[in-house]
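Fair warning: this is a prediction, and the values are worked out from it, not measured in the lab.
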Number of protein chains: 2
Amino acid sequence: MKTNKFIAVYHEWADMINTGEIAPLSKLPSENELAQKHETSRETIRKALQMLAENGYIQKIRGKGSVVLDVSKLSFPVSGLVSFQELAKSMGKETRTIVHEIQVVKPDERLQQSLHAKCSDEVWKVLRVREIEGEKVILDKDFFMRSFVPSLTKEICEGSIYEYLENDLGLPISFAKKEIVVEEATEEDKSVLDLDGFTHIVVVKNTVYLEDASLFQYTESRHRLDKFRFVDFARRRS
Amino acid sequence: MKTNKFIAVYHEWADMINTGEIAPLSKLPSENELAQKHETSRETIRKALQMLAENGYIQKIRGKGSVVLDVSKLSFPVSGLVSFQELAKSMGKETRTIVHEIQVVKPDERLQQSLHAKCSDEVWKVLRVREIEGEKVILDKDFFMRSFVPSLTKEICEGSIYEYLENDLGLPISFAKKEIVVEEATEEDKSVLDLDGFTHIVVVKNTVYLEDASLFQYTESRHRLDKFRFVDFARRRS
DNA sequence: CCTGTAAACTTGTATATACATGTTTCTCCT
DNA sequence: AGGAGAAACATGTATATACAAGTTTACAGG
């Protein structure tokens, strides 16, 4: 066994809920039953169930059991750390990525702040336009610390940079701070996107960290107003 | 003891991180040290630390310890399930709530879908305008199932409805599905808000559930583009 | 002095037990 | 028949132990 038990149990049930094999509002077996079924202890089951609850798959109700939530509305979110590529794949839409610029630059003042970088550091700058069904509606500006990413090619950027970083470079992407605001469209936005008369742009700013809490990427995703959607599941934190 | 140990430990350290008493990038004591210090077991400490990690306070690094993250940028989010009132209090801004409408209505078709209600059900409709520093910039439309909320007054709506629901009615608000999109401003938006030339509106749609997974509220929060900001902390879910 | 390895830390996983507390069911007494 | 209460079952909390696996430190040998 190389994979952990509680993660295996988590995926098993998460998949069943995702595919609809288990209907929303139906109940999961009790923790003791699950422990027997998976030949493990109740505590291990509880860890798996807690993960399912955190990610919006189930609701645990004391004394009663675990109820399956309706996850279908959540299924194509810009939520969490999902990348454009992973997202486009899951929906059926025809998409295309146009790489405008790949360059190693010295960070300007604003970028130094976002990336906690010094002016002597080197930073990859990648500019990509996302086309959905023939319309250029998203402009992605990515900045990586070069110390983490030695080389970068057009082919990689046309695919999924995240896949390259995680699978090929083995970078353990762990968490991000996300900010969503609306800004006036810049000249750059107007020149590379099909803005279609829209004067403003939804800007999703992401600051991405690795498992050891080191900051390594800053991303700005600039969406045409009508092509933006953010779906999330949130638990109340007292 | 009425409060749980691991929640007490969680709050103790969360407060210290929030106030800056513990600086970002500094390290927490080891789990064993914490267990001794709080006179509890390591497993209890681990539960508290896991909550801190989930909510963006710390990053746990295997073999090394727990690093405190910079939570200052996260401190005034529209994140999670925080209400307008709780938010306004934490920032210093001068705010006012204007109650436009409190009414019991029969749900129309669209609302029936959002609230999973039948046309025979009764629903509270509350319309409020939020004024920030003299400008009317947010329109909140709330719909509650009347079966959960027997009575509702103007005074309650001018304060925090959430406080009333949780403290007075004892409703255990647990989780929500959130959707953020941009729409064209409606005639209603134009008439009650100071739109200042903006033609579009950021709409935050919230579907709110109680601890027993019963759906009880649908909320639309309509923000003027320049007064909208969403900040979030997200962990990568493999 | 440098290097390699072992020891002493750290967090992660798995399991067991005991008891607390909320929910449902059934049974027995009125 | 109806209601009270006990029993059975659900999840929640707290604790203990053992071992796995990553990181740092210290020490011994070259």
| request: Starting from P on D:dC9, measure out to NZ on A:Lys27 and report it in whole angstrom. | output: 14 Å
| field | Pairs involving residues 103-119 of chain A, ordered by first then second residue, that meet side chain to side chain donor-acceptor pair (under 3.5 Å) (sequence neighbours left out) | value | A:Arg110-A:Glu220
| request: Give the nucleotide from the list D:dA14, C:dG12, D:dT11 with an atom nearest to the side chain of B:Glu31. | output: C:dG12
| query | Could you state the CD-P distance from A:Glu39 to C:dT15, rounded to the nearest angstrom? | reply | 10 Å
For nucleotides 18-23 of chain D, which of its nitrogen or oxygen atoms have a protein nitrogen or oxygen under 3.5 Å away, and what is each distance?
from, atom 1, to, atom 2, distance (Å)
D:dA21, O4', B:Arg62, NH2, 3.0
D:dG22, N2, B:Gly63, O, 3.4
D:dT23, O4', B:Gly63, O, 3.4

| said: Under 4.0 Å from OP1 or OP2 of C:dT15: is there any side-chain N or O of A:Thr40 that close? | reply: yes
| field | Donor-acceptor contact below 3.5 Å, side chain B:Trp124 vs main chain B:Leu152 | value | no
| Between the side chain of A:Ser214 and the main-chain N/O of A:Leu210, is any donor-acceptor distance below 3.5 Å? | no
| Listed nucleotide nearest any side-chain atom of A:Ser30, set D:dA14, C:dT11, D:dT11 | D:dT11
| field | Least distance between heavy atoms, A:Ala117 atom then A:Pro107 atom | value | CB-CG, 4.3 Å
| message | Taking salt bridge (Lys or Arg N to Asp or Glu O under 4.0 Å) as the criterion, tell me which of A:Lys60, A:Lys47, A:Lys37 meets it with A:Glu31. | response | A:Lys60
| field | Candidate nucleotides C:dT13, D:dA14, D:dT11, ranked by approach to the side chain of A:Lys47 - the nearest | value | C:dT13
| note | Separation of D:dA14 atom C1' from B:Ile7 atom CD1, nearest Å, is 13 Å
| message | Please confirm whether the shortest side-chain N or O distance from A:Arg46 to OP1 or OP2 of D:dT11 is below 4.0 Å. | response | no
| field | Of the listed nucleotides D:dA10, C:dA14, D:dA14, the one nearest the side chain of B:Asn4 | value | D:dA14
| note | Result for salt bridge (Lys or Arg N to Asp or Glu O under 4.0 Å) between B:Glu101 and one of B:Arg128, B:Lys141, B:Lys125 points to B:Lys125
| Whole Å only: how far is the CG atom of B:Asn32 from the C1' atom of D:dT15? | 14 Å
| Below 4.0 angstrom, N of the basic side chain to O of the carboxylate: do B:Lys154 and B:Glu158 qualify? | yes
| said: Counting only side-chain nitrogens and oxygens, does A:Thr44 get under 4.0 Å of the OP1 or OP2 atom of C:dT13? | reply: no
| task | Compare side-chain N and O positions of A:Lys5 against OP1 and OP2 of C:dT13 and report whether any pair is under 4.0 Å apart. | result | no
| said: For the residue pair B:Glu155 / B:Tyr164, report whether a side-chain donor-acceptor contact shorter than 3.5 Å exists. | reply: no
| Could you give the NZ-to-P distance, from A:Lys60 to D:dT13, as a whole number of Å? | 9 Å
| said: Tell me whether A:Arg235 contacts the main-chain N or O of A:Ala53 through its side chain, where contact means a donor paired with an acceptor under 3.5 Å. | reply: yes
| task | Indicate yes or no: does B:Glu211 engage A:Lys64 in a salt bridge with an N to O separation below 4.0 Å. | result | no
| Taking NE2 from A:His38 and P from C:dT13, how many angstroms apart are they, rounded to a whole number? | 17 Å
| query | To 10°, what angle do the rotation axes through the five end pairs on each side of the helix from C:dC1-D:dG30 to C:dT30-D:dA1 form? | reply | 10°
| said: Between P on D:dG12 and CD1 on A:Ile45, what's the gap in Å once rounded to a whole number? | reply: 14 Å
| field | Distance in angstrom units between B:Leu49 CG and C:dT11 C1', rounded | value | 10 Å
